[in-house]
Number of protein chains: 2
Amino acid sequence: MNDLDLDGFLPYRLNVLAKRVSKELSRRYQQAFGIAIPEWRVMAILGREQPLSSNDIVERSHMDKAKVSRAVNTLVGLGHLSRDVHPGDQRLLRLSFTPSGRDLYQRIAPLALEWEAQWLTCLLPDELAHYKALCDRLEQQLDDMGAEEA
Amino acid sequence: MNDLDLDGFLPYRLNVLAKRVSKELSRRYQQAFGIAIPEWRVMAILGREQPLSSNDIVERSHMDKAKVSRAVNTLVGLGHLSRDVHPGDQRLLRLSFTPSGRDLYQRIAPLALEWEAQWLTCLLPDELAHYKALCDRLEQQLDDMGAEEA
DNA sequence: CCATATCTGTTTCAGTTGAAACGAGTTGGC
DNA sequence: GCCAACTCGTTTCAACTGAAACAGATATGG
């Protein structure tokens, strides 16, 4: 059981796969819209729910707060987001799309989904569902392993 | 079809999952042996085949040559690798374990495999096989998509 | 042979990262 | 009320990253 074949070692395989996909997508976002993956994630999250605070985005995006802060700042600078202060609690931001931001979102979301769809043509629908379900369980197991350490 | 749910977007899901796993493993490597993931990958590759040149490791590890160069340098500095010059071609290195390196490998490989095994207890054996097979196909599809661009 | 192209591994450099320190705002206990 | 503890988002800082420049060694071809 000491056979350490890197190609069969799942942490390695997942890392290589995820990195290739990210690289491919980020190249497209950059080329088409001049933004990187953190900015794209902020857009994707705000596309579903608005307005949100930075912390809301941190929770929904699995990014740390420094990264979110910088991505939001970039998007505000590009004119895609408006950053208002919450009336009742001045620590909180109220982030939402500007008209330009909404327009960007409506062009960027289809690009991402089309690329994903083309990638996933190699799987049958129920294979994909099964794959996602197994990803869920792998993630759940990480939660459990983390929890039992404490 | 414009419903961009980040949690159902596979590139995002894979990225989050891969990052969590990497973080967990690298914490362990660092704590137990004082090395990071690039160093660990070099060790894993040399554990199967020796001696190798830096370029051989680049090809087998999916790391770029700068990263390999730095990881090798770290391991040589720690006394785990010997870096000799190839007699017939002085551009090439001949990298191999020192006794200390072999010893490190024999302790580090089981640690990685045990952690992986514990993580994968959440899947039945044939579920795992299926999952890996689907990963292969997803990676193959990336190859195909890249090839047809040219 | 000599000039040029190619290959190897290292180094440089500008950009990115995340942990930690931070300032401003708010809450809770007394 | 007031002080301490906490929360939110920004900034700092040291480490890491990879593309590109690089230097040395080898191959090619005229």
Side-chain angles (χ1 to χ4, degrees), chain A residues 15-16 18-27 29-31 34-42 45-46 51-78 81-96, chain B residues 15-16 18-27 29-31 34-42 45-46 51-78 81-96:
Chain A
N15 209 41
V16 171
K19 195 142 207 175
R20 283 187 72 178
V21 171
S22 285
K23 193 169 183 179
E24 192 59 37
L25 270 179
S26 79
R27 198 171 60 79
Y29 299 153
Q30 188 68 51
Q31 182 178 324
I35 65 174
I37 287 190
E39 286 77 28
W40 184 85
R41 284 196 187 170
V42 170
I45 286 167
L46 285 171
L52 292 176
S53 71
S54 286
N55 234 7
D56 293 332
I57 296 176
V58 167
E59 284 167 8
R60 288 162 175 71
S61 70
H62 281 98
M63 299 193 288
D64 65 83
K65 60 187 184 171
K67 209 176 213 171
V68 170
S69 171
R70 291 187 266 243
V72 164
N73 206 47
T74 299
L75 289 169
V76 171
L78 290 171
L81 292 190
S82 77
R83 172 169 43 194
D84 306 316
V85 178
H86 187 101
D89 184 341
Q90 301 186 39
R91 293 169 304 181
L92 297 170
L93 300 181
R94 291 178 76 245
L95 298 165
S96 47
Chain B
N15 209 42
V16 170
K19 195 141 206 174
R20 283 188 70 179
V21 171
S22 284
K23 194 169 182 177
E24 192 58 37
L25 270 179
S26 79
R27 197 172 60 80
Y29 300 154
Q30 188 67 50
Q31 182 179 323
I35 64 173
I37 287 190
E39 286 78 28
W40 184 85
R41 284 195 187 171
V42 170
I45 286 166
L46 285 171
L52 291 177
S53 71
S54 286
N55 235 7
D56 293 333
I57 296 176
V58 167
E59 286 167 8
R60 288 162 176 69
S61 70
H62 280 98
M63 299 194 287
D64 66 83
K65 59 186 183 171
K67 210 177 212 173
V68 169
S69 172
R70 291 187 265 243
V72 164
N73 206 47
T74 299
L75 290 169
V76 170
L78 290 171
L81 292 190
S82 77
R83 172 169 41 192
D84 306 315
V85 179
H86 187 101
D89 185 342
Q90 299 188 37
R91 292 170 302 182
L92 297 170
L93 301 181
R94 290 178 76 246
L95 298 165
S96 47

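On a predicted model such as this, the values are computed, not experimentally measured, just so you know. Each chain gets a letter, A, B and so on, in the order the sequences are listed, and its residues count up from 1.
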Undergrad: According to side-chain hydrogen bond (donor to acceptor under 3.5 Å, both in side chains), who are the partners of A:Ser96, at least two apart in sequence or on a separate chain?
TA: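 Only A:Ser82 meet the side-chain hydrogen bond (donor to acceptor under 3.5 Å, both in side chains) criterion with A:Ser96.
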
Undergrad: Using the test side chain to side chain contact (heavy atoms under 4.5 Å, CB included), find all partners of B:Ser22 that sit at least two apart in sequence or belong to another chain.
TA: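 For B:Ser22 the side chain to side chain contact (heavy atoms under 4.5 Å, CB included) partners, ignoring immediate neighbours, are A:Asn15, B:Ile37.
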
Undergrad: Report the residue (A:Pro38 or A:Gln90) whose heavy-atom-nearest nucleotide on DNA chain C is the more 5′ of the two.
TA: A:Pro38

Undergrad: Give the first and the last nucleotide of DNA chain D, reading 5' to 3', that has any atom under 4.0 Å from a heavy atom of chain B.
TA: D:dT17 to D:dT26

Undergrad: With sequence neighbours left out, which residue pairs that include part of residues 65-76 of chain A fulfil the side-chain hydrogen bond (donor to acceptor under 3.5 Å, both in side chains) condition?
TA: A:Asn73-A:Arg83

Undergrad: Give the residues of residues 60-67 of chain A touching DNA chain C, defined as any heavy atom closer than 4.0 Å, sorted by residue number.
TA: A:Asp64, A:Ala66, A:Lys67

Undergrad: Tell me, please, which residues at least two apart from B:Arg91 pass salt bridge (Lys or Arg N to Asp or Glu O under 4.0 Å).
TA: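 Expected list: B:Asp89.
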
Undergrad: Please determine whether side-chain contact (heavy atoms from CB on, under 4.5 Å) holds for the pair A:Leu78 and A:Glu39, giving the CA-CA distance in whole Å, both sets of side-chain angles, and the decisive distance to 0.1 Å.
TA: CA-CA 11 Å; A:Leu78 290 171; A:Glu39 286 77 28; 6.0 Å; no

Undergrad: Take B:Leu75 and B:Leu95, measure what side-chain contact (heavy atoms from CB on, under 4.5 Å) needs, and give me the verdict at the end.
TA: CA-CA 10 Å; B:Leu75 290 169; B:Leu95 298 165; over 6 Å; no

Undergrad: Could you state the interatomic distance from CG (A:Leu93) to NE2 (A:His86), rounded to the nearest 0.5 Å?
TA: 11.0 Å

Undergrad: Reading DNA chain C from 5' to 3', where do the contacts with chain A start and stop? Cut-off is 4.0 Å to heavy atoms.
TA: C:dT17 to C:dT26

Undergrad: Pick the closest DNA chain C nucleotide for B:Glu59 and for B:Arg70 by heavy atoms, then say which residue is nearer the 5' end.
TA: B:Glu59

Undergrad: Mind checking side-chain hydrogen bond (donor to acceptor under 3.5 Å, both in side chains) for A:His62 and listing every partner two or more places apart, or none if nothing turns up?
TA: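 Once residues adjacent in sequence are excluded, the partners of A:His62 under the side-chain hydrogen bond (donor to acceptor under 3.5 Å, both in side chains) criterion are B:Tyr12.
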
Undergrad: Among all residues two or more places apart in sequence or in another chain, which pass the side-chain hydrogen bond (donor to acceptor under 3.5 Å, both in side chains) test with A:Ser54?
TA: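 With sequence neighbours excluded, A:Ser54 shows a side-chain hydrogen bond (donor to acceptor under 3.5 Å, both in side chains) to no residue whatsoever.
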
Undergrad: Considering heavy-atom distances to DNA chain D, does A:Lys23 or A:Leu93 have its closest nucleotide positioned more toward the 5' end?
TA: A:Leu93

Undergrad: Can you sort out the partners of B:Arg41 under side-chain hydrogen bond (donor to acceptor under 3.5 Å, both in side chains), two or more places apart, ordered by chain and number?
TA: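 Once residues adjacent in sequence are excluded, B:Arg41 has no partner under the side-chain hydrogen bond (donor to acceptor under 3.5 Å, both in side chains) criterion.
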
